[in-house]
Amino acid sequence: MRGWWIRSNLGNPWARPSRPAVPTSNAEPRAPAPATTGKVPHPMNAPVPPRVRFAPSPTGHLHVGGARTALFNWLYARSQGGTFVLRIEDTDQERSSDESYAAILEGMNWLGLDWDEGPDAGGDFGPYRQSERLDLYRAHLIKLATEDKVYRCFCNADDLAAREAAVREAGGVWEGYDGHCRHLDADAIAAFEAESRPHAWRLRTPDEGSTFWYDVIVDKREFQNEVLVDRVIVKADGFPTYQFACVVDDHLMGITHVLRGDDHVSNTPFQLLIYQALDWKPPKFGHMPMILGPDKKRLSKRHGATSVAEFADQGIIPEAMVNYLALLGWSPGGSADEVMRTKAIVGKFSLKKVNSSPAAFDYDKLAHINAMHIKRLTPEERLDLALPMIEKQGWGLADDWRIHGADDTRAYLARLLAMLGGRFSSLVNLPEQIGFFFTDDHFKDQEAWDEHVATDEGRSRLKVLAGALSESLDLDAPQEAEAFEGVVRELAEKLGLKAGDLIHPARVALSGQSRSAGIFEVMELLGGPRTVRRLETAASA
RNA sequence: GUCCCCGUCGUCUAGUGGUUAGGACACCGCCCUUUCACGGCGGCAACACGGGUUCGAUUCCCGUCGGGGAUGCCA
């Protein structure tokens, strides 16, 4: 008696749908408005705007793998005029957390991947958190139960573990659920029910034949049904498993392309069987290659940063991250410029050009892409990026440090960035690079100091140089780089030295480091009084 | 173990049944120069291996090896 199953289910707390009707038929994406004039494409040929989704589970930060998945879905939607949906897969009550949810949204926002529909954005296919869609899964479970396509499994973790151990002891290999509860008779079920024994629901899967699909990225993929086991689709806690929720939601949300990591390949045949059981037409699937660590092993913290938040902390800017991630598995082709702003990538992106082989994450190349992005920004954009880094240090332009034409921190920083040119290639290095313009208490390279400054020769040269600058220039007035250069070179000649003999100690005395922008520009932006003071201080140190 | 996928310079990749196998990162030289970057020029460096198919394979097929993934009431 099939009705028996239903009766038992109706007593369940979440049997009564509390939500308004949702599209349960084959939810086709909204078709473009029909043209009223000109050529009307045949309906079968009309381009259907894709609906894709990124469906993270809120169990951690946004990892580079997830970010790449999100990015490619987003790129596909944006390049095709489609819709990008954000769906939260929080069916694991143990691991899901609000912090993770927030972290993921933050990561998405940072990358600039905006979604058209999602938990906070709303949309016609919500709710977009699986924990708020339980009635939907229940309704479809009942349908499957009614048709005897699923069955109850009363095995608990201990039962399963015991049977697995037994198989191993006998020298066998446990190949997944053994179908133990597949054919329980009504009496047995009734007995378990009577003692309120918890149960999960499993899908009956065929033992023969094969399940296959044409992958958007890897062509045909096929699995023998023989290797597919009756996996759980609804857990004993009443929550659906990923397998089931994913299928129900993708269908109900009208998802046309499921683009996900290659680690999901083995889930696909099982999900296809769920589509079949529900009598639904499955979407297209595309499995993107994994991102590996530099050593081609699974990417882990051991390799360095793995979450987008960490990269942000390391001074990577969002568009560089997007650019680099896009290059992992996709390429603009030929010898085209790899450094692209997000908008350009959207314009060139194509699923057909997505690779099928795994890619190793290369931190060096990311750094390079980042530097190129920073370099290509407009002065204003660079300033917007750099100012917070300076403010974060608590630095600002002191009153007595003002120089002509740059009398507030922002204007001064603008001059410094112009001076830095291509040396400004990383957000994190910036404070070290230009801290000495804002404070006397800046980073000092002790080794350079010992070599160029703290020697009798170094000290005496610095002292002479300080004197020459004071005498030759009106330091109360702003002086340009050329003026400083003139004095330095003249003095060198007078002393029979190479200009470098004065420049090197001066660089370390002024900046604390052996590398900097052009020293005469440094003097100009430091200003005469500060320049001389630092030279004198160094000479007497 | 079993199943699935992948395999072009160290890395990311372009590419083709006949190419001097292209670009980028890294690396090495040189130039520029006041250091360091930037930039410019040049260099090193690859079709995993073995069988086929073919007039001809890096390209198509099979095997081997290597790497990755899956094998959960995680997603």
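The chains referred to below are lettered A, B, ... by the order of the sequence lines, with proteins before strands, and numbering in each begins at 1.
Within 4.0 Å (heavy atoms only), A:Val218 reaches sugar-phosphate atoms of the nucleic acid but no base atom.
Distance CG (A:Asp337) to C1' (B:C12): 15 Å, rounded to an integer number of Å. Rounded to an integer number of Å, the gap from CG of A:Asn355 to C1' of B:G15 is 12 Å. Note: CG (A:Asp219) to P (B:C61) measures 11 Å, nearest angstrom. Distance, A:Glu222 CD to B:C3 C1': 13 Å, rounded to whole Å.
B:U33 and B:G39 have their C1' atoms separated by 12 Å, given to the nearest Å. B:A24 and B:A14 have their P atoms separated by 15 Å, with the value rounded to a whole Å. Spacing between B:G56 and B:C32 at atom C1', rounded to whole Å, works out to 49 Å. Using C1' as the reference atom, B:G23 and B:U64 are 32 Å apart when rounded to the nearest Å.
With a cut-off of 3.5 Å on both pairing distances, the Watson-Crick or G-U wobble partner of B:A24 is B:U11. Summarising the base pairing, B:U59 is matched to no nucleotide, lacking a Watson-Crick or G-U wobble pair whose two defining distances lie under 3.5 Å. A 3.5 Å limit on both hydrogen-bonding distances identifies B:U71 as the Watson-Crick or G-U partner of B:G1. Across all strands shown, B:U33 forms no Watson-Crick or G-U wobble pair with both key distances under 3.5 Å.
Under 4.0 Å is where a charged nitrogen must lie from a carboxylate oxygen, and between A:Arg197 and A:Glu193 no such pair does.
Taking the centre and axis of the six-membered ring of A:Tyr177, the NZ or CZ atom of A:Arg202 falls inside the cone set by 45° and 6.0 Å. Annotation: cation-pi pair A:Lys375/A:Phe424 absent, no NZ/CZ under 6.0 Å from the ring centroid and within 45° of its normal.
Between A:Ser357 and A:Phe361, the residue whose closest nucleotide on RNA chain B is further toward the 5' end is A:Ser357.
Partner of A:His264 under the ring-ring contact (aromatic ring centres under 6.0 Å, His included) criterion, chosen from A:Phe285, A:Phe270, A:Tyr242: A:Tyr242. When each of A:Phe84, A:Trp330, A:Phe349 is checked for a ring-ring contact (aromatic ring centres under 6.0 Å, His included) with A:Phe72, only A:Phe349 meets the rule.
A:Arg341 pairs by the side chain to side chain contact (heavy atoms under 4.5 Å, CB included) definition with A:Glu319, A:Leu377, A:Glu381, not counting sequence neighbours.
Between A:Tyr275 and A:His251, the ring planes lie perpendicular to each other; the angle is over 60°, past the 30° to 60° tilted range.
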Working for side-chain contact (heavy atoms from CB on, under 4.5 Å), residues A:Asn323 and A:His373 | CA-CA 9 Å; A:Asn323 191 168; A:His373 272 271; 2.7 Å; yes

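Looking only at atom types and distance, the side chain of A:Ser210 has no donor-acceptor partner in the side chain of A:Asn225 under 3.5 Å away.
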Under 4.0 Å protein heavy-atom contacts per nucleotide of nucleotides 68-75 of chain B, with B for base, S for backbone only and - for none | SSS-BBBB

In B/S/- notation (B base, S sugar-phosphate only, - none; protein heavy atoms under 4.0 Å), nucleotides 20-38 of chain B written 5' to 3' is --BBBS--------BBBBS

